[in-house]
Asks: 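I'd like to ask some things about the structure below.
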Amino acid sequence: MSNNVNKVEAAMQMLRTAVADLIADDNEVGEDVNILRWLKACDLNVKKAEPCDLNVKKAERMMRDTIKWRKESGVEELLEKDYHPELEKGIPFTAGGKCRDGTPVVTVEGGKVDFRGLVETYGIKEVHRYCIQNLVKYERYFVQWNKENLKNRVGPITEDCIRGFVFIIDAKNVSLRQLSSIKGLQVVTQVCMDYISYFPVLGSRVIIINCNKLAVPLINIIRPIIQGPNLAVDVHDTNVEKWEPVILKRISPDQIGTAFGGSLVLT
């Protein structure tokens, strides 16, 4: 067994020991996919010489902070909550397709999202909680998908045994009306901050297409929040001839909607 493998397995065992009380309350916390994702979020990398106990300490702190936040925010109860149909229709998250390597894809037609109208109608808190509900749903899918990856892996466990989803956002038709909404921007910023703090490694790449000049200030706000070692952010302008081949190199046309360069008709 290599030193690299020893490092990953040692870090996983150290983290399990450090959060034994959390595992006693919820067995899922101690499963390989969850232990490994927290370590990966805290920059566990077998190529680095950094001692794994530093990663473990960061991962433990992040786990405890997240579980506390989820309890205080009633996150698990959000899965049972029914939102107004107009709110669900107003933020069109779509999941189901996969990349050529099997990684799940989530798309959002950002230009169709009337954040300003939704916030003015339902309030900041309700729109924020609806977005968090979707993150929790995708997290459930993420855990199950990565459990299968771990079970079917060939070789020992490494930090690369789990992968985050690919999120694609179409910024076409994003308007000044949306970008001038302070409350709308507050929701977007808060969701991004919650995502990076409490949903580790849920995404591996965010691809933003059709980014016009109006959308640039918003991208400049959210990009520094979410981009990191485990999440790449690619931004493309409105030139379809440039971004479409990039998308289709990663994803087969029948796995993605027409707005994103594919052939899948979304209903």
Side-chain angles (χ1 to χ4, degrees), residues 73 78 81-97 105-138 165-199 202-203 205-228 231-240 242-244 246-247 256-262 264-267:
S73 303
L78 289 179
K81 181 176 174 58
D82 292 324
Y83 285 88
H84 194 285
E86 288 302 315
L87 184 55
E88 296 182 359
K89 181 181 177 181
I91 307 179
F93 293 98
T94 303
V105 177
V106 178
T107 60
V108 183
E109 294 188 59
K112 293 184 177 181
V113 178
D114 182 11
F115 253 103
R116 183 174 193 140
L118 293 172
V119 169
E120 289 175 353
T121 302
Y122 302 104
I124 291 177
K125 183 178 180 180
E126 194 75 351
V127 175
H128 171 260
R129 287 175 69 80
Y130 173 70
C131 292
I132 296 299
Q133 182 196 59
N134 277 273
L135 289 180
V136 175
K137 288 180 178 179
Y138 294 139
F165 294 176
V166 172
F167 291 84
I168 307 180
I169 302 171
D170 182 9
K172 185 177 181 180
N173 298 325
V174 171
S175 67
L176 181 60
R177 176 177 180 274
Q178 300 299 326
L179 296 172
S180 62
S181 170
I182 300 300
K183 291 182 179 179
L185 293 177
Q186 285 176 340
V187 173
V188 172
T189 303
Q190 188 60 55
V191 169
C192 288
M193 292 175 66
D194 290 340
Y195 164 83
I196 207 66
S197 298
Y198 306 123
F199 295 89
L202 181 59
R205 185 173 296 273
V206 174
I207 303 173
I208 304 173
I209 59 174
N210 290 319
C211 183
N212 57 37
K213 293 181 179 180
L214 287 175
V216 170
L218 177 60
I219 302 303
N220 289 340
I221 292 173
I222 66 175
R223 189 173 192 169
I225 297 174
I226 63 174
Q227 187 168 257
L231 181 63
V233 179
D234 302 331
V235 180
H236 300 273
D237 60 23
T238 56
N239 190 333
V240 179
K242 288 186 177 181
W243 63 253
E244 188 174 274
V246 175
I247 298 289
I256 196 168
T258 54
F260 304 90
L264 188 64
V265 178
L266 303 176
T267 58

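FYI, the numbering just counts along the sequence from 1.
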Asks: Taking all heavy atoms of A215 and all of N212, pick out the closest pair and write down the distance.
Replies: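 Of all heavy-atom pairs spanning A215 and N212, the closest is N-OD1, 2.9 Å.
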Asks: What's the spacing between S181 OG and E120 CD if we round to 0.5 Å?
Replies: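 CD of E120 is found 6.0 Å from OG of S181.
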Asks: Using every non-hydrogen atom in the two residues, find where V127 and F115 come nearest and quote the distance to one decimal.
Replies: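 Between these two residues, the closest heavy atoms are CG1-CE2, 3.7 Å.
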Asks: For the atom pair NZ (K183) and CD (Q186), what is the distance rounded to the nearest 0.5 Å?
Replies: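 Going from NZ on K183 over to CD on Q186, the span is 8.0 Å.
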Asks: Taking all non-hydrogen atoms of both residues, which atom of A259 and which atom of I209 are closest, and how far apart?
Replies: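 Answer, listing the atom of A259 first, then I209: O-CD1, 3.9 Å.
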Asks: Does a side-chain heavy-atom distance below 4.5 Å link V136 with Y198?
Replies: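 Counting from C-beta outward, V136 and Y198 never come under 4.5 Å.
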Asks: Indicate the atoms forming the closest heavy-atom contact of E244 with G261, along with that distance.
Replies: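 The pair with the smallest heavy-atom distance is OE1-CA, 3.5 Å.
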Asks: Could you grab the distance from atom SG of C192 to atom CD1 of I196, nearest 0.5 Å is fine?
Replies: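 Interatomic distance, C192 SG to I196 CD1, rounded to 0.5 Å: 9.0 Å.
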Asks: Can you check side chain to side chain contact (heavy atoms under 4.5 Å, CB included) on F260 and E109, steps first, answer last?
Replies: CA-CA 9 Å; F260 304 90; E109 294 188 59; 3.7 Å; yes
Asks: Which atom names give the shortest non-hydrogen contact between L214 and P217, and what distance separates them?
Replies: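 Looking at all heavy atoms of both residues, the shortest contact is O-CD, 3.1 Å.
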Asks: Measuring from I225:CD1 to Q190:CD, what's the distance to the nearest 0.5 Å?
Replies: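 The CD atom of Q190 is 9.0 Å from CD1 of I225, to the nearest 0.5 Å.
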Asks: Assess the residue pair W243 and N210 against the criterion (side chain to side chain contact (heavy atoms under 4.5 Å, CB included)); give the C-alpha distance rounded to whole Å, side-chain angles, the decisive distance to 0.1 Å, and a yes or no.
Replies: CA-CA 8 Å; W243 63 253; N210 290 319; 3.2 Å; yes
Asks: Taking the inter-plane angle between the rings of F165 and F167 on a 0 to 90° scale, is it parallel (under 30°), tilted (30 to 60°) or perpendicular (over 60°)?
Replies: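 Taking F167 first and then F165, their aromatic rings sit tilted (interplane angle of 30° to 60°).
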Asks: Are D170 and T107 close enough, and set up right, to give a side chain to side chain contact (heavy atoms under 4.5 Å, CB included), and what steps lead you there?
Replies: CA-CA 8 Å; D170 182 9; T107 60; over 6 Å; no
Asks: CD1/I182 to CD1/I124 distance, rounded to the nearest 0.5 angstrom?
Replies: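 So the gap between those two atoms works out to 10.5 Å.
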Asks: Are side-chain heavy atoms of H128 and K125 found at a separation under 4.5 Å?
Replies: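 Not in contact.
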Asks: Do D234 and R205 sit within salt-bridge range, that is, some charged N less than 4.0 Å from a carboxylate O?
Replies: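 A salt bridge is present here (some side-chain N lies under 4.0 Å from a carboxylate O).
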Asks: Using the rule given for side chain to side chain contact (heavy atoms under 4.5 Å, CB included), can you reason through C211 versus I219, listing the C-alpha separation, both sets of side-chain angles and the distance that settles it, and then say yes or no?
Replies: CA-CA 9 Å; C211 183; I219 302 303; 3.7 Å; yes
Asks: Between the main-chain N or O of D114 and the side-chain N or O of R177, is there a donor-acceptor pair closer than 3.5 Å?
Replies: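 Answer holds: no.
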Asks: Output all residues satisfying side chain to side chain donor-acceptor pair (under 3.5 Å) with Y122, sequence neighbours left out; order by chain, then residue number.
Replies: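 Side chain to side chain donor-acceptor pair (under 3.5 Å) check on Y122 returns H84.
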Asks: Can you tell me how far the CD1 atom of I132 sits from the CG atom of D194, to the nearest 0.5 Å?
Replies: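 Spacing of CD1 (I132) from CG (D194) equals 4.5 Å.
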Asks: Under a 4.5 Å cut-off applied to non-hydrogen side-chain atoms, are H236 and I207 in contact?
Replies: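 Side-chain contact under 4.5 Å: yes.
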Asks: Write down the atom of Y138, the atom of T94, and the distance for their closest heavy-atom approach.
Replies: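 Here Y138 and T94 meet closest at OH-N, 4.0 Å.
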